Structure formats: C-alpha cells, structure tokens
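Start at 1 and go down the list; that is how both ligands and their atoms are numbered. Counting from 1, the numbers follow the sequence of the chain as shown. These numbers were taken from a predicted model, which means no experiment stands behind them.
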Amino acid sequence: MQLRRHKDIIAIKNGANAPVAFHARNLEVASVSEEVWASMAPTTFDNGFVMNMLSSEKGVNAEAYSSLEGWDLENSSSVATRNFGSSVTSITLNVTQLCNLHCTYCAAGGDGTYGDPVTKITVEKTLPQIEFFLNKLGGNSSFTITFLGGEPLLYPDALKAIADHAKTVGAAKGIKTNFNVITNGTLINDKCLEILTSIQANITVSIDGPPENQDKARPQKNGEGSSKAALAGLEKLLSRQSDLGKILIHAVFSKKNLEVEKAYRFFSEFPVNAFEFTFDITEADPSANSIFMNEMARVAELAYSRGGEAELRKISLFDGYFNALDEQQRTENHCGSGKSLLSIDSNNKIFACPLDVGQKNNQVGLAQDIDSDKLAELQSPLIEKNNCQTCWARYLCGGGCMFVHKTLTGNKHRKHISFCERTRYLISLTVLYYEHSRGLKG
Ligand code: SF4
Ligand code: SF4
C-alpha cells in the first residue's frame, strides 16, 4: 500500500487499483482520480504530520488540487464526536488474581497475579461496590461487567453471585446489565456452563491459533500445552451457543507467533460470532510489526473473498472501524479508561485500566471511595493528551492505548511509532475495503 496526504485528507493506493481517499475529520471515504493522487504529497505509515504539495509543484493538476483544497475545508454536519458521558457504565472485575496457565506474554504481571496473588475476591465486599456504581446511573442506561482474572473461571461462584446481584439491582432501577467473561477456556465444565448460560454471558476465549502455536504461547504452569483443554472448552461453549451471548475468539500475536492467517484458517472451523486479533502490547520489534500488518492484510483478503463485508466484519477490528464510518462517529478516546470504564482488582481497589492493577500510583479508589481529583485528570480527550492532533487517523484511533504507550515508551501519553504505524496501516486497509464494499466514488 502507498500513502499520500493533502492536509486532512489521506489517499491510499493498492497495486493498480484506483486510489481511495479518506477525510480525517469528516470520516468520509471515496475513490479518487489519478490526477488527485498525483497532486498529493507522498507519505508513509510512520508519519503523522500534516503534509501537502504546493500548487506550483511539478506533477500537480490544478483542477484536482483545487478539489482537494475545497474538500479539506468542508466540515460535515452529519459527523458527531462520541461522548463517553460522565458516568461509569462499564467495569472490569478480577474475581481472582491467579491463573492456571503461564502465557509467554502475560500482561497481568507475567502470571495472572499482577504481582499480588489473590485466590478469591470477597463477594460480600464486592456486592455493595457494584451497587454503588449502579446507583449512580439513571433508568434506561446500561451497565457492563467484564469478569477477568487471572482466570475468572477459577472462581465461577463469584461470577454468579455478583452478576445475579447486579441484575436484581439493575432491574429495579430500569438499568440493563450485560456480562462479559474473558477466559482461557481450559476450565469450562458443566457447572461453569450453567453459570455462564444463566447470565447469558458474552464469552471471549483466548486461543492463539492451532495447537502447535497455542501450546508454545500459552503453556500450562507445568509446561504442558493448553490447546486440548482450551479447544474442548470452546466446543462445550459452542454446544450451548444459543443460551449464551456472543462467543469470540481472541488471539495475541508476538515475535514468537506471527501466523495470523494460519490462526484465522484454523478458527474459521468454529462457528463463533467474531475473531479478535491483537499484537502483543510489549512488542515493538519493527520486523514483527511489519509481518503482523502483512498477515492482517492477507487475512482481510481471505475473509473478504470468502464472504464479503459480513465475513470481514467478523474480525472485530474491521467491524469497529466500519461501524464508526457508517455511524459517522468520531472518537477522541481510544477507550473509556477513567471516563466510562473503571477496573476493580481482587482486593476491591479501583484503577482506570485493567492493566494498571497492582500499580499503587495508578489506584483511583477503593471499595466505594473514588479519588475524584485523580479521575478529573483523566477526563480530557486522549487525542489531545497524546498530541495526536496532526495524525490523519486520530478520529478512528482515539489516541491509542495508554497501556501500550506506557509499556513501550515509559509514558502513557507518549506514543511509540510501532503502534501508530500499525494502527494507520490497519485503518488504511479498512478504508480500502469500506470503499470496495460501498462503491463510493469521489
Ligand atoms: S496514537 Fe493513534 S491517533 Fe495518536 S498519532 Fe498514533 S495512530 Fe495517530
Ligand atoms: S488503556 Fe489500553 S489496556 Fe487500558 S483500558 Fe484502554 S485500551 Fe484497554
């Protein structure tokens, strides 16, 4: 893919296909002429600075240049900026800080404990904490609890007790409650299945590919592979799919395993609702980054050839960007961390991001006490805090994941070039497929 830029418009060209342009502020996509392409300044995926050709430069077409100038100045009235509001509508909850696996890239302290192993959350302390958040919401709102660990299914009774309580309190106030469980899938037995179906949980099963890849990346604590148990768990979940929410497979790729296409082909055998492919948050190796991007391009091509837009959008990354383009929703925040989202650890300490757990300086509350000064610092838009104002991808990326930034640069508001390059590449890929799906002519 080649890239060109004219102020807030980017254009992408893939092989001999017509170039496709994207208006960064207006979230508009359209194919453009070769004259327009030739009148834009060449740039690269690792460059987020504003660029443009001068109208007097060689190769610039006067009419095309003038149309670019006009389009760049337009401000669409149909685009809106997504507002996270002032309420916490989503929490993550570590019902345990222990794990039965020992994944090679574990972001939870390397072993699921965040440096502070806790076998079981105290349910009696957690119920009033959940109620505290529900009491802050008005009727007709919704509240989502994502159960995490360690491995949350080491303590399924907590899931049931907390979800049931949230449902009861929520129903009395007219609040819709939703439950997500993120699990390694290895502990799904009949009891877990009964609990998960009773709360109609959306389940994310973390599997990194076919057995040979999964066993290397996600061994058990005794060093043996986890694929057999994880795949048996997935099959068990699928046997009750109609009684559950969505079932999603999440795979993490790093220098040790970059076979995204192979994983996608393997996962396609399972009738899950969606696939999520992410890059190890601690990985900044340029060649691994580049292989991941190319693999994602191959996966997109394969998915699109198999089932067009619907199949492509089973991959959650593409679906998210398609939604934002369809709904004309700009985002100024990569996630709701500290705004609409808070994270509770197994000691009922509160943090802004699930991966902040265990870092005392990042604690923003305990039980029913919230440090409003600390939260106030997190309210301004991330694209401002992270200095993303000149990046053409800003309103789809939203300033990036603060935890990735901190891991790679030491500062949660300083981006690492590998993250930005990958994000811009994947957004460009989406823009090409979006134009292709909708046949948008400039
Ligand atoms: S973090 Fe996202 S919005 Fe910010 S410069 Fe990087 S790609 Fe652009
Ligand atoms: S900062 Fe990153 S890891 Fe934390 S909640 Fe946001 S996206 Fe998730």
Under 3.5 Å: donor-acceptor pair, side chain of [X], backbone of [Y]:
| X | Y | answer |
| --- | --- | --- |
| Ser226 | Gln220 | no |
| Asn347 | Lys349 | no |
| Lys314 | Phe275 | no |

Distance-only polar pair, side chains of [X] and [Y], donor-acceptor under 3.5 Å:
| X | Y | result |
| --- | --- | --- |
| Gln2 | Trp37 | no |
| Tyr304 | Ser437 | yes |
| Thr92 | Ser343 | yes |

- Starting from atom 4 (Fe) of ligand 2, locate the nearest protein heavy atom and write down its residue, its atom name and how far away it is, to 0.1 Å. Cys353 SG, 2.3 Å
- Task: Would you mind listing which atoms of ligand 2 come within a distance below 4.0 Å of any non-hydrogen atom of His334?
- Result: 7 (S)
- Item | Element-labelled atoms of ligand 2 that are located less than 4.0 Å from some non-hydrogen atom of Phe403 | 1 (S), 3 (S)
- Task: Measure Cys335 to ligand 2 on non-hydrogen atoms and call it side chain, backbone, both or neither using the 4.0 Å cut-off.
- Result: side chain
- Mode of Ala352 contact toward ligand 2 - side chain, backbone, both, neither (heavy atoms, under 4.0 Å): neither
- Note on the structure: Note on atom 8 (Fe) of ligand 1: protein N/O/S atoms within less than 2.8 Å are Cys391 SG
Under 4.0 Å between a Lys/Arg side-chain N and an Asp/Glu carboxylate O for [X] and [Y]?
| X | Y | answer |
| --- | --- | --- |
| Arg438 | Asp326 | yes |
| Asp356 | Lys406 | no |
| Glu295 | Arg298 | yes |

- Is atom 2 (Fe) of ligand 2 less than 4.0 angstrom from at least one protein heavy atom? yes
- Report yes or no: does a heavy atom of Leu341 sit under 4.0 Å from some atom of ligand 2? yes
